[in-house]
Amino acid sequence: MIDLSKLNHNQLKAVTTEVGPVLVIAGAGTGKTRVLTTRIAYLIEHENYDHNKILAITFTNKAASEMRNRIINMLGNINVSWIGTYHSICLRILKQDIDQLGRDKNFSIIDEQDQLDIIHDIYKEGEISIKDIKPKKALEIIENVKTENINLFNIKSMKELNELGIYKYDLISSFRYIVKQYENKLIQNNLLDFNDLLIFAHKLLKENSVIREKWQNKFDYILVDEFQDTNYLQFQLLNLLINPNKLNIFAVGDPDQTIYTWRGAYPNIFNDYLDNFKNTKIHVLDLNYRSTKNILRVANHLIDYNNQRIKKDLVTNNDEGDSVICYIGDTSQLEAHFITQQINDLVKTKKYNYNEIVILYRAKYLSRTIEQEFINNNIPYYIFGDIRFYQRREIKDLVSYLKILVKPKDDITLRRIINVPVRGIGQKTIDSIRNYGLQNNLSFYETLLKCANNQIEAEWNKKSVKEFVVLLEYLFTNSKNLSIVDTLRFIIKVTKYEDHLKSLDQFEDRWENVNELIVATEEYQAKFPNNSLVDFLDEISLYTESDDHKVQSRNSVSLMTIHFAKGTEFKVVFIMGMNEDIFPSYRLQSQNDMEEERRIAYVAITRSMKKLFLTCNLGFSPISSDKLTPSRFLKEIGKNNYQEMRSEMKTISEIDLDWYDSVASFNKEDNYRENNVEFKIGDVIVHTVFGSGVIIGIKSDTLEVAFKAPFGIKSIIKTHKSIKRLKN
DNA sequence: GTGTTGAGTATTTTT
DNA sequence: TACTCAACAC
């Protein structure tokens, strides 16, 4: 039985709304997920909808499983199976129907690492230098071209190139080659990248009316979570999935929390929705249950600076709560030190536990200073999204072996493990095998088989290669009747994988991860006893988040990017690095970008339930050698809305106490001396990458400089443009 | 030819 | 820190 009495007036109206298109504008902490899940339960219990005909789309896998569990809690043993991310929904559709597009159903999905491996191959074959185009850049262009459906051969103007992210005209032919080859390789190996899942599903539903109608009839009701982060392609998909005779769609979102425009989301999608679905019923939720009045005041003040926005303030019946604290440290170390001290206080006075505290930052690299300080002070912490579980080397290795059992012709995967553990097959041999395959139109695996059968006379065809083939054959024949988890254990045993890990660093951590994989596999099999190894591999190929259920019981402070924190809440929130050029980022190109930064800050602030700390420092920028200034967001929030604290230390960086007004007038160059003056030992210099450091040695044309951890002592050419010296 | 090591270089956000 | 690449030992 569902309990509707816990809902407030607006929530109840949204949950019990009529059929047809609905849009719920729900601010942070207003019970968005509760409304969505209760709506699903309501449809099933009160409106007699079939739970197998309800489709709910979430932004993360975590949100999907949370939603599923909540519904099970409300309704008992009813599993709404069509809850998932756009990607997982598309995967399920394609696994059924991709053959309609002339593709094999036995495709597999590649992650970013695989994509980069493929790009490296293309570089080798096309003799493209990594120095001209960095693989990450190539990948960025590939993604842009694919999602925007752009043909690089049609591009003529420099402006169009710039919009894509290409700034040198001479490189266009290289990019054309890379993009074309990339697509070829995916088709040859029957691979789909994350974008392809959406692109192919869209193509399928758009072009094939029989299939489209099949899926439209499959779903009686569609619900969308985090609607503000939907991109154009995803919106088109929704339009194709929705049954045009019913138009039963229920979208929940908050335009102020659009923080994924770089992945194609656009704030104007709310208008598109209203245009597309006439007579949409709009519900607004603005009563916040999460935060104190003080915290909401900060959030409301900040977001009000965005011009392109429908004004809406969050209100709450909660207490005023503690003051929001803004700390300004003279150096990044002092900033980190302040955070540790506060955490120690909060925990020692037993007000809060470590796991109720989160440190949020704009960019991943900012976690390092904090991490160091936490280690020094024995504060338990966990960095989320650090390296995702399934991207870890040991996990990828073992999963690759599993993949090979299912699909030996997957060249990329096979090459990943051919020398793991090390078995004397180096890059030269691998290249030779590959080239032979390319010339003779054989897959990597087929070439290996020829080697083993002595059908290839070549220097590189030697004992170690043959032994690998024997190992593979042994795995194939003896794993046929094993369960998934036993197959995994078998692989670990046969490859002596534990010994291999012992030869690497961090053996304990890695071995623990392997065991975690075994547990995850066992759990999967217990949950879905009829599913095959292929099903398991498909599932985990989309599950990129780190496994967090254990972490919560670990009682440690959480560290994560703000993007990662979306949808979570913590009693105590520290937002660090509130500095110009860090947050907002120095990379911004337009006013729209600035508004997005403000929304990111808004998301960060509204994660907090009880206590909020905003911290910044006046040290040196990790990006340029400039001095940092506090973020404009602090000014926009307004001094009256928080209590300001400063570090006591007097430094050369002492600036006006009224630092707001000094932000613009502060002349950075004043602090530097010309570089052609002679250096002496003890001078402080600033390096664009390593930050500040002290000269500890001077040679004829180089300096020995001691930089802060983790950089340590470096030799720098005296005249190098990346260094500046401080005035004495 | 293979594997290790040290130097050099570079840092937004993620399904 | 994390990643690549060139130089060296085997």
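Residue numbers start from 1 in every chain, and the chains themselves are labelled A, B, ... in the order their sequence lines are given, proteins ahead of strands. Since this is a predicted model, take the numbers as computed values, not measurements.
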Describe the nucleic acid contact of A:T561 in one word from base, sugar-phosphate, nothing, applying a heavy-atom distance below 4.0 Å. sugar-phosphate

Sugar-phosphate, base or nothing in reach of A:L197, heavy atoms under 4.0 Å: nothing

Can you list everything that forms a salt bridge (charged side-chain N to carboxylate O under 4.0 Å, His left out) with A:E373? Sequence neighbours excluded, please. none

All salt bridge (charged side-chain N to carboxylate O under 4.0 Å, His left out) counterparts of A:K364, not counting sequence neighbours: none

Classify the ring geometry of A:F235 against A:F227: parallel below 30°, tilted from 30° to 60°, perpendicular beyond 60°. perpendicular

Polar side-chain contact A:R362-B:dT13 base: donor and acceptor under 3.5 Å: yes

Looking only at heavy atoms, what is the nearest atom pair of A:M576 and A:L366, with distance? CE-O, 3.4 Å

Side chain of A:D254, backbone of A:Q228: donor and acceptor closer than 3.5 Å? no

Contacts of A:E597 and A:G426 projected onto DNA chain B by closest heavy atom; the upstream (5') one is A:G426

5' precedence on DNA chain B between A:K428 and A:I259 (nearest-nucleotide basis): A:K428

Return the set of residues passing side-chain hydrogen bond (donor to acceptor under 3.5 Å, both in side chains) with A:R309 (not counting sequence neighbours), or none when no residue passes. A:D256

Quick test of the criterion, 5.5 Å between centres and less than 30° between planes. Is A:W262 stacked on B:dT13 or not? yes

Please check if atom OH in A:Y232 has more than 12 non-hydrogen atoms from other residues, nucleotides or ligands closer than 6.0 Å. no

Got a list of side-chain donor-acceptor pairs under 3.5 Å for residues 427-436 of chain A, not counting sequence neighbours?
unit_1: A:Q427; atom_1: NE2; unit_2: A:D431; atom_2: OD1; d: 3.3
unit_1: A:D431; atom_1: OD1; unit_2: A:K124; atom_2: NZ; d: 3.4
unit_1: A:S432; atom_1: OG; unit_2: A:K428; atom_2: O; d: 2.9
unit_1: A:R434; atom_1: NH1; unit_2: A:E125; atom_2: OE2; d: 3.0
unit_1: A:R434; atom_1: NH2; unit_2: A:E125; atom_2: OE2; d: 3.2
unit_1: A:N435; atom_1: ND2; unit_2: A:D431; atom_2: O; d: 3.2

With the criterion being N/O to N/O and under 3.5 Å, what pairs connect the protein with nucleotides 6-10 of chain C, and how long is each?
none

Give, ordered by number, those residues of residues 413-422 of chain A having at least one heavy-atom distance below 4.0 Å to an atom of DNA chain B; if nothing qualifies, reply none. A:N419, A:V422

